[in-house]
Amino acid sequence: MKVVALAGGVGGAKLVNGLSRILPFDNLSVIVNTGDDFRYSGLYICPDIDTITYTLAGLNNPITGWGRKDETWKVNEERETWGYPSWFHLGDKDLALHMERSRLIEEGYSLTEITRYFSKNFHISQTILPMTDSIVRTMINTRELGKLAFQEYFVKHKFQPRLTSIELDGIQTARISTEVEAELQSCDLVIICPSNPFVSIYPIISIPGIKRILNDKTIIAVSPIIGGKAVKGPAAKMFEELGMASSSYNVAKFYRGLIQGFILDRADETEVHLIDQWGIISMATDTLMSDLDSQIRLAKQVIKFGSTLAKGNEA
Ligand code: GDP
Ligand code: CA
């Protein structure tokens, strides 16, 4: 069974890592959010692609959730002595990758080609694809500071400003890549990872043309909300600021019309019957992935659940 996962950074990478351990490598492709991409210090940075890439390469820092393990910080430290306002910390090895990506972008290579090149260098066998080669930028409109680029909101301001709305700059003219289109057309199951629905998954499903392809697919989503809270990051806060309770129920509601199956945590089991009312088949299980074993355990359940739904759709 050929699987495509839609993912942001940390939450996405954990499930993708589990999936990578149980599926043949050529049966797993990951379409990754690029709405967080930005230029910093003259470098082209793709936070979510890098988290997925480092994770599949076994080089990620599991403590921070970003960057590489066994990292050194010499360049960053040196620049700080000059008073450089470094709100975005870049380790030395991480920096090398951003420098190389920036050079290749300048030479005219597409992000899809560059991502493939890094995957190959890190001996990753699965396919990692940016959601598009067009420039799409997630902008956060806030009460206190107006419109902020996503990384400014997320890292510089530690997602403290209150959100009023989310905009995707460049989305109208963004184009689906032939690679994304081909992977989606040929897959049997699409898995929406437990990534932030608003800023990790929404940009991907907003690429013009992608919904038309997704309409013919079996799609399941895994909730990033456990017991009303986000495991990490601003998802719960975003739900509340957008006027909704932070719950798996509202995650399922967000994906209503797109998904046939939904996996939520046992802590939210009471929401199953509410979600089922919409014709979405839901399943409660343990969804906290604190180590490799729990990533693999959840991945196995996701595949089992997804296969049953995909077979049902074929019949
Ligand atoms: P980001 O781009 O790095 O912010 O990462 P994602 O959007 O992919 O993931 C962030 C989401 O992952 C948050 O909403 C978390 O609640 C969720 N998340 C992180 N770890 C886990 C986990 O172990 N289980 C579940 N169910 N969700 C998780
Ligand atoms: Ca992200």
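All residue numbers in this chain count up from 1 along the given sequence. We count ligands from 1, going down the list as the structure has it; atoms in each ligand are counted the same way.
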Selected option - heavy-atom contact closest to [atom], from [options]:
atom	options	result
atom 11 (C) of ligand 1	A13, P194, C193, A230	P194
atom 14 (O) of ligand 1	A235, G233, G12	A235
atom 18 (N) of ligand 1	V10, V199, V231, N33	V231

When you look for heavy atoms under 4.0 Å from ligand 1, do you find them on the side chain of S200, its backbone, both, or neither?
side chain

Under 4.0 Å, heavy atoms only, figure out whether ligand 1 is touched by the backbone of T51, its side chain, both or neither.
neither

Cationic tip of R101 within the cone over Y44's six-membered ring, i.e. under 6.0 Å and within 45° of the normal?
no

Do [X] and [Y] pair up side chain to side chain, a donor and an acceptor below 3.5 Å, judged on atom types alone?
X	Y	result
D50	T53	no
D92	T72	yes
N141	T164	no
S195	S200	no
T112	D133	yes

Quick one: does [X] get an N or O within less than 3.5 Å of an N or O on ligand 1?
X	answer
M289	yes
S223	yes
D36	no
G11	yes
I225	no

Would you please classify the geometry between the [Y] ring and the [X] ring as parallel, tilted or perpendicular, with 30° and 60° separating the classes?
X	Y	result
Y40	F38	tilted
F159	Y153	tilted
W278	Y249	tilted

Near L288 (heavy-atom distance under 4.0 Å), the atoms of ligand 1 are 23 (O), 24 (N)

Taking the Ca ion (ligand 2) as the vertex, how big is the angle to OD2 in D48 and OD2 in D36, rounded to 10°?
90°

What protein heavy atom lies closest to atom 20 (N) of ligand 1? Include the residue and the distance to one decimal.
K14 NZ, 2.7 Å

